[in-house]
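Below is one structure; the comments refer to it alone.
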Amino acid sequence: MVVRVINQYAEGYVATPLVRSYKDLKPGVYVTSFGKGAEVSRFVEELHNIFEQYRAERGRGGEVATGFRSIESKSISSTSYVVARLLNNALRKLASKKRIRVYQRPGENISLCLSYRDLKEIWDKDPDIGRDRRFEDFCGKYPNLCGANEDGCTRFFLIVKCFVPRFQHVESENGKEEIYLVMRSYYRRPGSLELQKIYRHLIEKGLDPNVLKGVKVNYRVDESSTLICDVKSVKTLANGGVIAVLECDRETYEVGLSDDRETGRISLNVSYGGSRKFVADYLCRDFDKHRDLGRRFPSQFFNEIENDLKMLKKVIGDDLSLSGVHFSISYKPEILW
Amino acid sequence: MKLEKIFNIHDFRLKFSEGSSPNAYDLVRYGPLSKRPLYGLSNIGVDMYKRILVLCRNEKRNLAEMLVKDFKDGYSENRKIFPGLAAVMRNKFEIDVAHFSEYDPNKIFDVFENSGSIRDTFPVIMLPRCAKGDYGSIYYRTKAVFLKHEVPNQIVTEELFQSRDKYRWSLLSIAVQIYAKMGGVPYGLDRSVVSPRSLQPSDTLVAVMGLGISTHPQRRKHGVGFITVYDDQGVWNFMDFEILSIDKKEEMSNDIARLLERSIEAIVRYGSKKNNVIVIHYSGKEVGSREEESINNAMQTLSLVGKNVFVHVLKIRDSDIVVGLEDSPHRTREGVVTWYPPIGAAFKLKSGVYLMTSAGYFMRGDNKIGSNIHMGLPTAMIISRHREIEINPLDSLNDIDLLSTVFGLMRLNYVDVSHPVSRDPITVRYSRAIAWIVLRLADIIGSDLKLQKLSRLQNTMWFL
């Protein structure tokens, strides 16, 4: 929790835990200054303010701040294991500072996602960054999936290109430590398929909401459980309210579609054929067209990597520095054999 | 970071009854390795079954009848692709169809039960395809109902019949899975997964254990810990599990320790060898930090007094690192240069941490190039050796030997025999299926569910 509080609330600092010893590094929480302005030496006095801020927002935290056994200064190599982890946390902080759209899949440190519009703005300003021709061609063919026009596709979907950077610590045979940037990019279709939003769309189009019958949805029952359910029917109550009747693992639930309190609890599950047919028929016929974008071979990936890295650098800026040490990213991939 | 080794499928040939080959399709030519389990109970096995019963919904009977015909006579358009169940399994069965009226697991089981003796009949159940992430799906519910009655079963999705191409190439894989679920051993490896020079085989037993922990997808405070055990040639031994309270850390560690101790004792007792080497694989994808801490605690409290047991631990997880080979000989059918790397290329990231490609190209026996990927970026795994929780690690077993256990067990793909290497080893591949079916069984039977009460399941690969 200490690490999370520092990374979320401490302006100018970043932290990472080390659970067990690694070479000459002891277990503990490692903190360093990040970007310009902050000084590591001032961290101790800042710590108190950080936890005050956390406690004010969350109503707790003071007991954690007094629980440190000791705080000591240590100089470590800029390519050590802990530094790779600090850089990853620094990336997350940069993204939140710059308010970059961030979507994460399980296992990803961070995924910075840009729409075609975002990318075009950068390409137009900086011709040194090569354009992603495939994405351009795709958006030329399906502009309603890339933010243009106003229809069901634009309302519910937006294809984005996501850059997934992660710093990886490695060691050579002679013990030399290095930090590599692992970079991946892919195309995503984040969707906002809340059932309430779909219901409003159907009504606006003059469609019977019972076209939702048979569709599969994810229903978040509470904080720790989500069920996959069938929509059995959509009913209007005597008081004018509208409910969806769901069958989930042989139990029935009634959820309000016109009730703001239920917003975000039910969303369409597009893993199922029935749901996908519904989306294609009533929301967006071309919603799956982006899949071909992801079908790249390594040959294409490595040909595009330099442009992806330039784009990443443009997005996160050039201020990736820890404790005054500036880290720059090489554009050439590592050749291993 | 450097290339450490490229594992080759031709160094891990598959062993059948009458020969060995790098190719799983040669099961038909050489016959399956064994009709009975090579370990454990002798009252199960392929010979115990007299009948295979295909269960389908009334409206799908034409599909079921097509399947039965192909099971009996072989794939009608080309018997070389699939010569029929009797030819593959070297055993004759009656093969029939029975119909149910709705997708209700209990009603489907009733139809099965009323069709005759359930002990010598193997059910093949046709169901609609479900998303793997749907715990409440008809798939998991049906599996659980049949397994509650100790009836291993094979599910075939109705959608399989929509693609003639997919259907014909699935027939052999379905037969292999049925064979394994009956208690037979379709094939193993024709060598030890570790290099023979590393150990003295005559006085040393080597076993590879898959360890998994999963939280109940609907009730987060509950979960299951399970193990699966294979011998050093990838032959199936047994499985075991414990129902866990995920929110009670100490209790969870104790339960996992108990599961590991019980399983290691069973391995040692059966093997009767002087030295017992156990290599544990666990999946980083399925196991969160809390569960990992419990594994660490359990390993440190294991009581293995009086036994010569040497335990090595590997964590296996997916990697985001993209590997490409500029000089790759692999091309698409249209001649496009792909840069796919060879499967089984292992790179050392640092001491005890390796990256191994699990998708890419391989050389087939006829010197042609094959691949287990046709589009998209190849996958790779990070394999980390967790020395800090190993028990008496053997110096004679080095990191390459341990990586070899991973690659060796990637060769045992009973579910899709057309791919010579799966994307992960069989020890971690079925983690979710095992966990969710056990949890559904616990939902039906109760939290005092014990595998010992379902002895028929302990020695069969019911989870394929």
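Letters A, B, ... mirror the listed sequences (proteins, then strands); counts begin at 1.
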Can you tell which part of [X] gets under 4.5 Å to a heavy atom of chain A, answering side chain, backbone, both or neither?
X	answer
His374(B)	backbone
Glu388(B)	side chain
Val323(B)	both
Asn296(B)	side chain

Determine the minimum heavy-atom distance between [X] and [Y], stating which atoms define it.
X	Y	answer
Gly376(B)	Pro298(A)	O-CD, 4.3 Å
Lys350(B)	Tyr22(A)	CD-OH, 3.2 Å
Ala131(B)	Tyr272(A)	N-OH, 3.3 Å
Gly133(B)	Ile228(A)	O-CD1, 3.7 Å

Top contributor to chain B interface from Gln300(A), Met183(A), Arg184(A) [non-hydrogen pairs under 4.5 Å] = Arg184(A)
Hey, could you give me the [atom1]/[atom2] distance between [X] and [Y], rounded to the nearest 0.5 Å?
X	Y	atom1	atom2	answer
Leu349(B)	Gln168(A)	CG	CD	5.0 Å
Asp320(B)	Arg166(A)	CG	CZ	4.0 Å
Asp134(B)	Cys248(A)	CG	SG	10.0 Å
Asp292(A)	Met375(B)	CG	CE	7.5 Å
Cys130(B)	Lys216(A)	SG	NZ	7.0 Å

remark   = Counting heavy-atom pairs under 4.5 Å with chain A, the top scorer among Lys221(B), Arg129(B), Glu326(B), Arg141(B) is Arg141(B)
key: Partners meeting side-chain hydrogen bond (donor to acceptor under 3.5 Å, both in side chains) with Tyr187(A) (sequence neighbours left out)   = Asp132(A)
inquiry  = Under the rule for side-chain hydrogen bond (donor to acceptor under 3.5 Å, both in side chains), what residues qualify as partners of Glu177(A), not counting sequence neighbours?
reply    = His169(A)
Test of ring centre spacing under 6.0 Å for Phe302(A) and Trp339(B) = yes
More than 12 heavy atoms of other groups within 6.0 Å of [X] [atom1]:
X	atom1	answer
Lys26(A)	NZ	no
Glu251(A)	CD	no
Lys310(A)	NZ	yes

inquiry  = Set out, in order, the CA-CA distance, both residues' side-chain angles and the distance that settles side-chain contact (heavy atoms from CB on, under 4.5 Å) for Leu227(A) and Tyr135(B), then state yes or no.
reply    = CA-CA 8 Å; Leu227(A) 303 176; Tyr135(B) 180 74; over 6 Å; no
query = Are side-chain heavy atoms of Thr332(B) and Phe297(A) found at a separation under 4.5 Å?
reply = yes
Ser299(A) side-chain N/O to Val337(B) backbone N/O, donor-acceptor pair under 3.5 Å = yes
query = Can Ile321(B) and Tyr180(A) be said to form a side-chain contact (heavy atoms from CB on, under 4.5 Å), step by step?
reply = CA-CA 11 Å; Ile321(B) 297 175; Tyr180(A) 287 101; over 6 Å; no
